[in-house]
Every structure is written in C-alpha cells, then in structure tokens.
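The structure appears below as structure tokens.
Proteins come first, then strands; the chains are lettered A, B, ... in the order of their sequence lines, and each starts at number 1. Below, each value reflects all heavy atoms present in this structure, side chains not excepted, and no hydrogens, waters or symmetry copies. Every value quoted in this text rests on a predicted model; they were computed, and no experiment measured them.
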Protein chains: 2
Amino acid sequence: MKVLTNILRNSYIEQYPINQFFSFDIITYLTVHQFEKGEFIFKERSHPEYLYYMVEGKAKLYVTHKNGKVSLIDFITSPCFMGEMELLDSVRVSKGIQAVTKTICLAIPILQFRKRLLTDVIFLRELCMLLSDKEMKVTAKYTQNQVYPLENRLAAFILLSSDQGFYKEKHTEICEFLGVSYRHLLYTFAAFCEAGILVKHNRGYLIQNKDKLLTLSEEIL
Amino acid sequence: MKVLTNILRNSYIEQYPINQFFSFDIITYLTVHQFEKGEFIFKERSHPEYLYYMVEGKAKLYVTHKNGKVSLIDFITSPCFMGEMELLDSVRVSKGIQAVTKTICLAIPILQFRKRLLTDVIFLRELCMLLSDKEMKVTAKYTQNQVYPLENRLAAFILLSSDQGFYKEKHTEICEFLGVSYRHLLYTFAAFCEAGILVKHNRGYLIQNKDKLLTLSEEIL
DNA sequence: TATAAAATATGAGATATCTCACATTATTGT
DNA sequence: ACAATAATGTGAGATATCTCATATTTTATA
C-alpha cells in the first residue's frame, strides 16, 4: 500500500466528491491510499484502521472457511465504502478484501472519526441505504445459488460480465463466486461450447448465441 | 391482522421500550398489531405501510423463486424490526414475512414518519447496526451452505435449535432454511439415527450423542 | 531470462443432492 | 367429528456437483 501525496492526492480528492456523504468537510482529513493488483486491502479477521471509500479499481470480498475453501462473497467496484461494518462495531473482525486491479481509496481514520461519523445523520442515512442494497444483492445471489443449477446462474453471469459479446473472467475467481468447483465450472463452459452458445477464443469466450443465454438466465428472474 | 386497543395496546407498549430507538417520543403514534400463526405480515413483493417492531413471536423471512422453490432466508425472532429496507427505499418491494407463532408488533406508519426517521440520528445508527448484524448472519449462513454438506450444517442447526436435548422443528421449514430438498433432509436425519446420534421420539428427535454433533458442527467454525 | 507460481485443462470415479411417485399420519377448519 | 390440508416418510432412479490426479500453458518474479 502506498500513501499518495500532494498533487496526486489532491487530484483524486478533487475528482471524486466524497463530501456529499458527510455533514462536515472531511476533505482536509483524508489520505489517499493506493493498492496494487493482488494486494490485500483488509486482511481476513483483522481490525481495519481506516474506513475506505474506493474511487478507482475493483476488489474481491471473500471469506476463507475452516476446510480451506474460499467463498467469494462479492466483487466490489468503485465507488464503494469498505470497512463500514467494522466502523460500526469495533469488536467485529473484517472479512478479507483483495484488490483485483490497481485500486485507489480515500481513507478516513476510524479511531479519530468514529464518534463523529456515528452522530452524522447524512453519513448514517447513506450507510443504511448502502447496507440495505448490499444485503439485498447478496441475499439474491445466495438464494439463487441454492435453488438453480450452475447452467442458469452462469448464463446470467456471462451476460452480466461480458463486454461486447466477449467473456474473459478468470475461472479460478468465478468458481468461488458462483460457489462451485473449478472442475464443474469448466464442465459447464464446455457444455456451452458444445451447444454452440459460446466459442473459445484466446483467453476467453465469444458469445455465439445470446438468445440461448438469455433464455437460460431468465429462468432465474 | 388485528389492531389491539386500549388496555391491551398499552400493556404491550409499556412492556417493551421502543423509545430507545428514537430521539423523540414515538409512543403516542404507535398502534399495536397482532398476527395469528400462519398469517402473512408482509406479502411478497408488496409495499409495506408500516415499519414493525416485533416484540413477541417468531416469523419466517422468505423469497419465492420463479421455479416455485422457496428459500427461507431467516427466522425472525423478537425483538426485531421489519420493513426497514422498504422504509429506506420506497420503490423497493418487500420479501415475504409469515408469522410462525402468534406475533405482536408495534406499528409505525411509514408514510407519516419516513421523513422524520430518516433524519433521526439515533434511529439511523441503530438501523445501521441491525442491518450490519443481519448481513453478517445471512452471509455466514449462505457461504457455509455452499461449502459444507448438509451433515455438518444440520448438526450445527440441531444443536442451535434443540431444547434440552430434544429437537422438534418442522422438516418442511428446515429444508427450505438449509437449502436442501425435503427428501435429502430426511435421509440425513435417518443417517443420524442410524449412527446412534439421534433417536426418533414422537414428533421429534432425542439427542443421543451430543459429542458427535459437536464434532460434526465444529467442522464449520 | 530462467524459474517459480498461478491459471487452464481434462479424465475417472465418487457423492451429495434432487425429482417424482406414492403411502401414511397429523392438524385444522367447519 | 369429518373432510380437507399439511406434514411425514420411503423407494428408485437421475443429475448436479465434487475430489483427486495429472499435464499444459500462462504469468509473475528473482
């Protein structure tokens, strides 16, 4: 992690308005932290020192189970807060957050600002909304996971994450996100290719039959 | 649903202090609603009129999927708020909530109080904490669901929900809660009996070997 | 640029879990 | 008290998904 200073710091702070989330001017107290791809933003079971507002980048929120398996709970994309739960309850330990790409965060020191934030109507209201959205999203994902086979969920995920008809996520990540084994994910991709829905191309897949993907994903909702 | 009046209303309001969640005296504006076992507190996809504070009873929070399967997201036990998400975002539709036992709720009309609640620091702070706890709990449950076989999760659930060594939940509910088919749940109960861990007794099961249950559930966390 | 580490890929065999059909109790409303 | 409804229980066969072993390719790093 690198703390950005001067011009660089200021440019990020100017570029991304964060004051809207607070009833006071927090800008002077902010530092700007930069995480490299693969770096851990919060180590699992740690006590974060900062409330982060991610302004650029993408990260994985995950938990490691006793048996060694990893559940990728969510992909966090900017803009987004991280560490709110730990701000609210200092006893609580963090889940793991790892940067997937280079990530820039505005950093608010928790110790120094906890009291002020927990009495800030604007901040608390925003936080309620964000927490509520997040729960909605996570609940939807997990209830679907246990009710629909991978075929349907993968179809939906491909549509969601592909860019101009091209899918190129990392299998190792996506199997943890979708809650299945690597092997099974690969089987399902193979089946999609077999069915003429996808065509493997370099490090990714071209969508050949979008309608079929839509049909499969519409079985979910 | 029955609206309780006079003595009955007042006795519930006195018995369960709700003012602690608000920075103003809300008591005069409260009505008290009583739901019978099996009654729907929120219909799925409806727009709740009230923010409820459940003070007595137990309810199921669930969602019905397109394919007809039901996910029982959580058992809600008093004391607990219901309808907070819909208070925060009026566009959002409710999940289903059904009373499992007779349930008493203090009712706050959303339309009338939304504005006031969304500027109430005490309320918002409490809500943040509750939302954050709830998400924690739900996430833990679902990530475990997808990483451990039923054997382990059921062992943990039996320990959690049994009373003095006796388990007597309804299979039809629990299979939806644990995210497995009724059939599979029964297989696993049969296996536990076979292994001498449980003994079927009337409408329930007696725990015969608590250590084994502990061992099985400890594999989770 | 060589080497280690991560990601991709695939086969074979196992198992956790599901569907459906059907019979038997409980429970509940009238 | 009786019919309707919900809950329980079980078999047989299917399938969605997992484990493990192993090989190859790509990417990262000293």
Can you tell me how far P of dT22(D) sits from OH of Y182(A), to the nearest Å? 18 Å
Once you measure the plane-to-plane angle for F75(A) and F177(A), does it fall in the parallel (<30°), tilted (30-60°) or perpendicular (>60°) bin? tilted
Looking at dT8(C), dG9(D), dC20(D), which one has an atom nearest to any side-chain atom of R203(A)? dT8(C)
Does dA28(D) have OP1 or OP2 under 4.0 Å away from a side-chain N or O of K37(A)? yes
From CD1 of I174(A) across to P of dT17(D) the rounded distance in Å is 16 Å
Given K60(B), which partner from the list E173(B), E44(B), E169(B), E39(B) fulfils the salt bridge (Lys or Arg N to Asp or Glu O under 4.0 Å) test? E173(B)
Does E173(B) or R183(A) map to a spot on DNA chain D nearer the 5' end, using the closest nucleotide for each? E173(B)
Rounded to the nearest 0.5 Å, how far does CG of L106(B) lie from CD1 of I13(B)? 6.0 Å
Atom pair CD/CD1 of E135(A) and I73(B) - distance to nearest 0.5 Å: 8.0 Å
Where does the angle between the aromatic ring planes of F192(B) and F189(B) fall among parallel (under 30°), tilted (30 to 60°) and perpendicular (over 60°)? perpendicular
L198(B) CG to dT8(D) C1': how many Å, rounded? 16 Å
Assuming nearest nucleotide by heavy-atom distance, tell me which of V180(B) and A190(A) is located more 5' along DNA chain C. A190(A)
Would you tell me whether Q34(A) and E36(A) have side-chain atoms, one donor and one acceptor, within less than 3.5 Å of each other? yes
Quick one: which of dT8(C), dA9(C), dG11(C) gets closest to the side chain of K200(A)? dA9(C)
Would you please say whether a donor-acceptor pair under 3.5 Å links the side chains of H33(B) and Y52(B)? yes
Can you check the N202(B) CG to dT25(C) C1' distance for me, whole Å? 13 Å
Atom OH of Y205(B) to atom P of dA7(D): distance rounded to whole Å? 15 Å
For dT19(C), does OP1 or OP2 lie under 4.0 Å from any side-chain N or O of S181(B)? no
How close or far is atom C1' of dT19(D) from atom OH of Y187(A), stated in whole angstroms? 11 Å
For atom NE2 of H171(B) and atom P of dT17(C), their distance in whole Å: 17 Å
Give one of base, sugar-phosphate or nothing for H184(A), where a contact means two heavy atoms less than 4.0 Å apart. base
Sub-4.0 Å heavy-atom contacts from residues 139-162 of chain A onto DNA chain D, ordered by number: P149(A), L150(A), R153(A)
Closest nucleotide among dC18(D), dC18(C), dG11(C) to the K69(A) side chain: dC18(D)
Separation of atom CZ in F189(A) from atom C1' in dA7(C), rounded to whole Å: 14 Å
